[in-house]
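First up is the structure itself, then whatever we jot down about it.
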There are 2 protein chains.
Amino acid sequence: MIFLNFVIISYSSINSCIIRSDKKMPIFHNNQSCLNCQHKSEIFSCLTQGELGLIDQNRFEVSFKAGEIMFKQGTPSPHYICMTSGLAKIYIEGYGKNLLLGIVKPHDYILGPGIYVDNRHYFSAAALTDSTACLVDVNSYKKLIRENTEFAEEFMTRVSKQAISNFEQIISLTQKQMPGRIADALIYLSEIVYESNPFEMTISRQDLADLSGMSKESAIRILKDFKEENLIRIEGNRVDILNPAALHNISQVG
Amino acid sequence: MIFLNFVIISYSSINSCIIRSDKKMPIFHNNQSCLNCQHKSEIFSCLTQGELGLIDQNRFEVSFKAGEIMFKQGTPSPHYICMTSGLAKIYIEGYGKNLLLGIVKPHDYILGPGIYVDNRHYFSAAALTDSTACLVDVNSYKKLIRENTEFAEEFMTRVSKQAISNFEQIISLTQKQMPGRIADALIYLSEIVYESNPFEMTISRQDLADLSGMSKESAIRILKDFKEENLIRIEGNRVDILNPAALHNISQVG
DNA sequence: AAAATAGATTGATAAAAATCAATTAACAGT
DNA sequence: ACTGTTAATTGATTTTTATCAATCTATTTT
């Protein structure tokens with residue numbers, strides 16, 4: 001019981017930290033090293049060249065096809081994951097259904113509380129689109145946290161910011177009615193995940209429902225209601241938020 | 001959006017870290033220092049005498065009457081709180097109603113994600129019974145995290161363990177039906193908070209409802225059902241779990 | 001002891017949301 | 001183009017849960 005979580009989906013991160021050329025592994029689209037990576041998260045600017053090299057030497061890149069499971073709740077977690085392309089969902093497998101915790105994209109990395117407890121995953125991840133990601137040894141990350149105070153402090157700050165937005169999510173799921181929760185999900189997708197409006201929704205209706213803590217039929221009905229109220233327009237997977245102010249209002253009212 | 005939280009209610013902590021004698025403040029029942037405190041949380045065993053002294057010099061003790069608010073969501077948070085006697089509830093003030101995140105007792109301390117972000121509280125705390133607590137300067141804690149690697153690592157571990165149990169709470173609230181959630185709450189109260197069976201429930205029905213994410217009427221009805229099924233016995237505030245196995249089963253089934 | 005107050009309980013009802021069943025649409029493979 | 005498969009949609013219905021109103025109980029105040 002009790003509440004209040006931890007780490008996990010960073011707002012941004014090492015990115016383009018692509019492939020280390022290794023003859024035995026398939027070669028991907030880019031094989032630069034972390035050292036000259038152009039899209040590093042600010043948190044990594046705390047690191048020396050040597051420290052970045054440590055990360056670089058303990059990573060490898062994999063690709064996932066849409067729908068593939070990246071890791072599964074309960075399994076050992078020797079790596080954290082930096083998304084380099086595509087989207088993935090993070091979800092808890094609960095009683096019969098899933099709770100979608102969030103969606104990660106390039107610039108995000110995935111790190112769970114298990115790394116400081118028993119090195120197991122406490123949630124699952126699956127690719128939503130064809131994706132590539134760097135898998136980095138967790139111990140090298142923990143080593144940096146131990147040895148670089150600035151890095152550790154920045155990490156704590158990111159974890160904390162995450163925690164604060166999580167509170168909002170908990171309140172949304174437990175205290176808002178379905179329209180409010182769907183409004184929150186649409187705002188999240190538009191403003192945080194796809195960063196555009198209109199946007200192409202690459203998640204299924206079931207995923208949207210899992211993100212909002214309801215059945216997929218209910219999620220579809222709320223979307224329909226919003227459509228009829230001219231709050232949004234939907235054509236296939238293209239979602240256009242016509243009235244963002246009203247949507248934010250629905251989010252507030254619950 | 002997204003999820004997954006942070007810090008906050010530690011499983012155990014500095015305790016009996018009672019009053020520093022200060023003529024200008026009311027004197028409480030004990031004025032030993034942290035240095036010879038008999039009930040320190042294991043995490044503080046990482047600290048040197050000097051480090052403990054730092055905590056000792058930056059704390060003071062207050063008492064709260066039952067029902068009094070200890071701090072309020074949104075206000076600045078210059079201290080973290082070590083409970084030294086009594087019980088307190090931690091809750092988020094949501095849309096019209098509260099979500100009770102957990103109950104703290106002596107050996108617990110309260111620390112929120114705000115300390116690494118904007119030094120504000122993201123939840124409120126109120127005394128459930130007459131209580132005493134040490135308020136300790138947050139910066140001295142953060143300083144220790146920065147300077148003592150072992151302490152920092154232990155802190156991360158505690159935060160992570162907390163996070164893991166939080167996942168269970170999120171799943172309970174979002175995926176279980178009312179009987180499952182009340183079962184979880186009763187198990188939490190018996191096994192974690194009061195550590196006894198039967199136990200004297202010092203929280204109100206409204207608090208129980210807030211802890212389980214439902215209306216107080218619904219909480220009462222589920223208790224009645226459990227009583228009629230001979231799972232529990234209730235006399236006033238005394239709760240006796242007659243069939244813990246069945247209660248755990250209800251928790252599992254949802 | 002009587003009155004006042006707040007909390008607990010109960011029943012009746014309404015609202016919210018899930019489930020079930022069926023249909024339609026989209027799409028991959030042949 | 002046809003077939004099979006999966007996802008999306010819709011309507012009908014049931015289940016779950018909240019709300020409302022009233023009563024009861026315990027406790028405190030006078």
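Side chains are part of it too, since the values below use all heavy atoms of this structure and drop only hydrogens, waters and symmetry mates. Convention: sequence-line order gives letters A, B, ...; per-chain numbering from 1.
Taking the six-membered ring wherever Trp is involved, the centroid distance between the rings of B:Phe71 and B:His79 does not fall below 6.0 Å.
Nucleotides of DNA chain D with any atom under 4.0 Å from a heavy atom of chain A span, from 5' to 3', D:dA8 to D:dA12.
Comparing the end axes of the helix from C:dA1-D:dT30 to C:dT30-D:dA1, each fitted to five base pairs by superposing C1' atoms of four pairs onto the next four, gives an inter-axis angle of 40° (nearest 10 degrees).
Atom OH of B:Tyr122 is separated from atom CD of A:Glu168 by 8.5 Å, given to the nearest 0.5 angstrom. For the atom pair CD1 of A:Ile103 and CG of A:Leu189, the computed distance is 5.0 Å after rounding to the nearest 0.5 Å.
The pair B:Arg205-B:Glu217 does not count as a salt bridge, with every side-chain nitrogen at least 4.0 angstrom from each carboxylate oxygen.
Scored by the side chain to side chain contact (heavy atoms under 4.5 Å, CB included) test, A:Lys97 finds B:Gln175 as partners (sequence neighbours excluded). Residues satisfying the salt bridge (Lys or Arg N to Asp or Glu O under 4.0 Å) criterion with A:Asp225, sequence neighbours excluded, are absent altogether. Not counting sequence neighbours, B:Thr129 has no partner by the side chain to side chain donor-acceptor pair (under 3.5 Å) test.
Remark: side-chain polar atoms of A:Asn197 are paired, donor with acceptor, to backbone N or O of A:Ile241 under 3.5 angstrom. A donor-acceptor pair under 3.5 Å is formed between the side chain of A:Lys105 and the backbone N or O of A:Ile192.
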What is the per-nucleotide protein-contact pattern of nucleotides 6-19 of chain C, from the 5' end, where B denotes a base atom under 4.0 Å from a protein heavy atom, S denotes such proximity for sugar-phosphate atoms only, and - denotes neither? --SBBBB---SSBB

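B:Ser85 and B:Thr132 share a donor-acceptor pair across their side chains, judged by distance under 3.5 Å alone.
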